[in-house]
Number of protein chains: 2
Amino acid sequence: MSPELESCIMHFGEMGSRWGFNRTVGQMFALIVFSEDPLNADQIAATLGISRGNVSMGIKELQSWNLIRTQSVLGDRKDYFKPNGSIWDLGMQVMVERRKREMDPTLSLLRGQLMSHNNSDTNEYALNQMQQIHNLLEMFGSWFDDVQRMKPEQLKTLLKLGSGVGKVLELKDRLTK
Amino acid sequence: MSPELESCIMHFGEMGSRWGFNRTVGQMFALIVFSEDPLNADQIAATLGISRGNVSMGIKELQSWNLIRTQSVLGDRKDYFKPNGSIWDLGMQVMVERRKREMDPTLSLLRGQLMSHNNSDTNEYALNQMQQIHNLLEMFGSWFDDVQRMKPEQLKTLLKLGSGVGKVLELKDRLTK
DNA sequence: TTGAATTTTCAGAAATTATTGAAAATAATA
DNA sequence: TATTATTTTCAATAATTTCTGAAAATTCAA
């Protein structure tokens, strides 16, 4: 393996914890993404120098994120793993899962708190802040749901347009008034 | 403190690590956000039942995220802390910082790898995947830069519009062709 | 200056998380 | 069915992260 590739894989390991998984899971993901052919668990363990059991757990984790899938290889009983789609697909998938893990639990807690009718003794200010956070998460969440349903090509156009979209909105406002 | 507020603060503690900081930093942030009046370090330590040193480190962390700021209280030498803006501002700030910590390092590593001219021995496929990741991060990053410069009101409009923006884009396409 | 109030630092302890590797479970083959 | 290949599990251990609290540093007032 080239030193460039190796340092890339190590980097993904270091970043792993910031992206929501641990070092070896990050490395495993990078290795699978940068390998043209599907890899089996033994290959992953040998390449990264980690135990077979660790690989097994890492695979489970990556599958729970919908980032990898198996592919059977003719005449081999082992499971082979490859990325679950293009880089674009994987990026989207990471966002979907992070939203689930980082926003949904808080949104549902806040919804519960704000719904509950025995809030008479909770101070007004805190309650209002909770409402604000709830609204922000809800707005962002439903925006993401919406946007996710767009066709990748259209979404890419939108991304590239950036704040230019503000101009288009103004244009629309003028036209529809 | 009401039990509702308390469980909210505990929840923010549990979520802390998913948002990029540790449990007590998460709790401290929640406590500050839900308190109408600024709090000093001793109050924070006492309320959360953690050591003074831990609070000092947590404050440093929250300041490095630009999430809190000091406010001096007349006739008191202690530092008092309050959120650095509205919930909207704080949400934005979290995104800004996470982008810095989660995307920028990878973007610059990849840029370096792809620029380097001794890639002759790095396999084509891996190099191409790196390019794809680089492009995705770059596109997303500059979109975020752009969008961040928009006025909050306009940005909120855009968020609420969701995929409706796709329709507007089509409209624009028809008009400008 | 001095000294009291306050904040920061950081070595060691505690808590948490990650990893190993051998045993158990599962799956495929003969 | 028995045998072999493969994967998973999980108790023990290792590594890492977080937290404490006392000492050092800083700040401010007299």
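Values reported hereafter were calculated over all heavy atoms of this structure, with side chains retained and with hydrogens, waters and symmetry mates removed. Numbered from 1 within each chain, the chains take letters A, B, ... in sequence-line order.
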S.K.: Taking 4.0 Å as the cut-off, does a side-chain nitrogen or oxygen of B/Lys60 come that near to OP1 or OP2 on C/dT7?
M.R.: no
S.K.: Taking only side-chain nitrogens and oxygens of A/Asn22, does any of them come within less than 4.0 Å of OP1 or OP2 of C/dT17?
M.R.: no
S.K.: Nearest 0.5 Å, please: how far is CD in B/Gln131 from CD in B/Glu124?
M.R.: 11.0 Å
S.K.: With sequence neighbours left out, write down each residue that passes side-chain contact (heavy atoms from CB on, under 4.5 Å) with A/Met150, or none if nothing qualifies.
M.R.: A/Val147, A/Gln154, A/Leu155, A/Leu158, B/Ser163
S.K.: B/Asn54 has an atom CG; how far is it from atom C1' of C/dG12, in whole Å?
M.R.: 15 Å
S.K.: May I have the distance from A/Glu61 (atom CD) to C/dT17 (atom P), rounded to whole angstrom?
M.R.: 13 Å
S.K.: Separation of B/Phe21 atom CZ from C/dT16 atom P, in whole Å?
M.R.: 19 Å
S.K.: Compare the minimum distances between each of D/dT6, D/dG21, D/dT8 and the side chain of B/Ser51, then state the nucleotide with the smallest one.
M.R.: D/dG21
S.K.: Are any of B/Lys78's side-chain N or O atoms less than 4.0 Å away from OP1 or OP2 of D/dT27?
M.R.: no
S.K.: If I take atom CG in residue A/Asp76 and atom P in nucleotide D/dT7, what distance separates them, rounded to the nearest angstrom?
M.R.: 9 Å
S.K.: Is B/Ile50 touching bases, backbone alone, or none of the nucleic acid, heavy atoms closer than 4.0 Å?
M.R.: sugar-phosphate
S.K.: For residues B/Phe12 and B/Phe21, establish whether the separation of their ring centroids is below 6.0 Å.
M.R.: no
S.K.: Using OP1 and OP2 only, check whether a side-chain N or O of B/Arg23 sits under 4.0 Å from C/dA15.
M.R.: no
S.K.: Send over the distance from A/Leu39 CG to D/dT6 C1', rounded to a whole Å.
M.R.: 17 Å
S.K.: Apply the hydrophobic cluster definition, ILVMFWY joined by side-chain contacts under 4.5 Å directly or through others, and give me every member besides B/Leu74.
M.R.: none
S.K.: Under 4.0 Å between a side-chain N/O of A/Arg52 and OP1 or OP2 of D/dT7, yes or no?
M.R.: yes
S.K.: Under 4.0 Å, heavy atoms only, any strand: does A/Asp42 hit a base, just the sugar-phosphate, or nothing?
M.R.: nothing
S.K.: Which is more 5' along DNA chain C, the nucleotide nearest A/Met57 or the one nearest A/Arg77? Just name the residue.
M.R.: A/Met57
S.K.: Rounded to the nearest angstrom, tell me the gap between atom CG in B/Asp79 and atom P in D/dT26.
M.R.: 16 Å
S.K.: Does the Lys NZ or Arg CZ of B/Arg101 fall within the cation-pi geometry relative to B/Trp65 - under 6.0 Å from the ring centre and within 45° of the axis?
M.R.: yes
S.K.: What is the distance from CG of A/Leu48 to P of C/dT20, rounded to the nearest Å?
M.R.: 10 Å
S.K.: Measure the distance from CD1 on A/Ile44 to P on D/dT6 and round it to the nearest whole Å.
M.R.: 15 Å
S.K.: Any side-chain N or O of A/Thr24 below 4.0 angstrom from OP1/OP2 of C/dT19?
M.R.: yes
